[in-house]
Amino acid sequence: MENTASSIPSKMKAWVYSEHGKPVDVLKLDSNYDVPQLKEDQVLIKVVAAALNPVDFKRMLGMFIHSDSPLPSVPGYDVAGVVLKVGSQVRTLKEGDEVYGNINEKGLDRPKRSGTLAEYTVAEENLLALKPKNLGFIEAAAIPLAIGTAYEGLHKTALSAGKSILVLGGAGGVGTMVIQLAKHVFGASKVAATSSSAKLELLKSLGADLAIDYTKENFEDLPEKFDVIYDAVGQSERAVKAIKEGGKVVTIEPVGELAEPAFRFILTSSGAMLGTLNPFLENGKVKPVIDPRGTFAFSQTPQAFSYLETGRVTGKIVIHPI
Ligand SMILES: NC(=O)C1=CN([C@@H]2O[C@H](COP(=O)(O)OP(=O)(O)OC[C@H]3O[C@@H](n4cnc5c(N)ncnc54)[C@H](OP(=O)(O)O)[C@@H]3O)[C@@H](O)[C@H]2O)C=CC1
Ligand SMILES: CC[C@H]1OC(C)=C(O)C1=O
């Protein structure tokens, strides 16, 4: 039955955890979970596809308990779907719009208790953008948190045309976006990136001029130094040895030692930022990277998390159909 505002159910299928632990142990499928209530500035979304992020399993493990929301919780930040209902203060989105976004504005500050690994979710209008017409829901779901993190980190380093950048962790969800944005949006003159042997060609296909096999050489031992280093794997103490005088090191590893002058940040989700990047997504300059294992069915969500926890995923894991 087609969903319209009048036919929105009060209960839904959702993956829920009520205690901390490994996803495969604590995630339970609830077929009778409350559909989240709409606030005035929010829209209700029928979830078509949702992507996994490390923050999802890190929260489940209890790593951010000091700033996290109370349990039980439905995990999931990234969504692509269809607007079913809009709150009274919503100005631009309307029922039937195909949207995508990261539903948590401050990623670690009381994230929503009803996330995107469910049949329905809610988000503030300003966190969402219209799905690029050339992308399907699976591709769109893979983009928001990763591209937002990549963009914000590059912006904070003031990367600009003609500068060089080294991306540590180039094959991951964030790293694959950093390479593309650095090359095709920020106009870096030289993009280098690290990965294991099997992923070097992927890095080059995304725009890397130099792909470094970290199983064979240490980037900090290379003669070349960089204006910017974007660290997505927690190697800031090595990265600071590989920058030019006055160079910048940004890391997205939220915990652990931080070597001077490296700095870290937690992304802020923004629908406006997605809108700004839409032209690069629509002309194909920036493309989502879905892991070669393809999408995981909703029923396979715990297994998908087990794969993500290996730290070996290429690009993004997307859950579809839901
Ligand atoms: N601060 C913030 O706002 C954010 C922080 N994060 C954090 O950033 C990190 C990366 O996130 P995300 O990209 O989604 O992670 P992914 O799980 O997508 O990263 C997996 C990739 O990391 C690569 N990798 C693992 N170890 C190394 C290494 N030593 N050198 C180079 N590459 C390596 C793997 O490539 P290979 O198989 O070749 O090793 C793999 O392709 C996570 O810790 C996450 O929690 C993410 C988003 C936002
Ligand atoms: C959205 C929160 C951000 O912080 C960490 C540690 C991640 O993995 C994130 O995505």
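Quick caveat: nothing in here was measured; it's all calculated off a predicted structure. Every number for a ligand or one of its atoms is a count from 1 in the order of the listing.
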Option whose closest heavy atom lies nearest to [atom], chosen from [options]:
atom                    : options                        : result
atom 25 (C) of ligand 1 : Glu253, Glu309, Arg238, Arg312 : Arg312
atom 34 (C) of ligand 1 : Gly311, Gly172, Ala171, Ala232 : Gly311
atom 27 (C) of ligand 1 : Val167, Thr149, Val233         : Val233

Phe137 six-ring centre to Lys131 NZ/CZ under 6.0 Å and within 45° of normal =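 That pair qualifies as a cation-pi contact.
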Within 45° of the ring axis of Tyr120 and under 6.0 Å from its six-membered ring centre, is that where the NZ or CZ of Lys46 lies?
->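 Yes, a cation-pi geometry holds between Lys46 and Tyr120.
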Do you see a donor-acceptor pair shorter than 3.5 Å between the side chains of [X] and [Y]?
X      : Y      : value
Ser164 : Asp227 : yes
Asp291 : Tyr307 : yes
Lys316 : Asn53  : yes
Thr92  : Glu125 : yes
Lys112 : Ser69  : no
Ser189 : Lys163 : no

Report yes or no: does a heavy atom of Asn53 sit under 4.0 Å from some atom of ligand 2?
->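 Contact absent.
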Are any of the heavy atoms in [X] under 4.0 Å away from ligand 1?
X      : answer
Leu145 : yes
Lys316 : no
Val55  : no
Val313 : yes

Asn53, portion touching ligand 1 at heavy-atom distance under 4.0 Å |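 For Asn53, there is no contact with ligand 1 at all, from either part.
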I need the nearest protein heavy-atom contact for [atom]: residue, atom name and distance, please.
atom                    : result
atom 13 (O) of ligand 1 : Val174 N, 2.9 Å
atom 43 (O) of ligand 1 : Lys58 NZ, 2.9 Å
atom 5 (C) of ligand 1  : Ile252 O, 3.0 Å
atom 4 (O) of ligand 2  : Ile266 CD1, 3.6 Å
atom 39 (O) of ligand 1 : Tyr214 OH, 2.4 Å
atom 38 (O) of ligand 1 : Ser196 OG, 2.6 Å
atom 17 (O) of ligand 1 : Leu308 CD1, 3.8 Å
atom 11 (O) of ligand 1 : Pro54 CG, 3.8 Å
atom 16 (P) of ligand 1 : Gly173 N, 4.1 Å
atom 9 (C) of ligand 2  : Val55 CB, 3.6 Å

When the aromatic ring centroids of Phe296 and Phe305 are compared, is their separation below 6.0 Å?
->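 Centroid distance Phe296-Phe305: not below 6.0 Å, so no.
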Under 4.0 Å from a heavy atom of [X]: which atoms of ligand 2 are those, numbered in the order shown and with their elements?
X      : answer
Pro254 : 6 (C)
Phe64  : 6 (C)
Leu145 : 10 (O)

Atoms of ligand 1 close to [X] [distance to a heavy atom under 4.0 angstrom, numbered from 1]:
X      : answer
Gln235 : 29 (N)
Ile266 : 1 (N), 3 (O)
Gly169 : 31 (C), 32 (N)
Phe265 : 1 (N), 2 (C), 3 (O)

Polar side-chain atom of [X] near backbone of [Y] as donor-acceptor pair, under 3.5 Å:
X      : Y      : value
Glu152 : Thr149 : no
Ser269 : Asn102 : yes
Arg113 : Pro72  : yes

Hey, is NZ on Lys225 packed in by over 12 heavy atoms from elsewhere, all under 6.0 Å?
->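 For Lys225, atom NZ is crowded (more than 12 foreign heavy atoms under 6.0 Å).
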Specify whether Tyr151 and Phe186 have parallel, tilted or perpendicular ring planes, treating 30° as the upper limit for parallel and 60° as the lower limit for perpendicular.
->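 The arrangement is tilted - the two ring planes meet at 30° to 60°.
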Salt bridge check: are Asp97 and Lys94 linked by an N-O gap of less than 4.0 Å?
->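 Lys94 and Asp97: salt-bridged.
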Test of proximity, Lys199 against ligand 1: N or O pairs below 3.5 Å =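 There is such a contact, yes.
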With a 4.0 Å heavy-atom cut-off (strictly under), which part of Leu267 contacts ligand 2: side chain, backbone, both or neither?
->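 Answer for Leu267: side chain.
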Common cluster, Tyr100/Val82, ILVMFWY with side-chain heavy-atom separation under 4.5 Å |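 No, Tyr100 and Val82 fall in different hydrophobic clusters.
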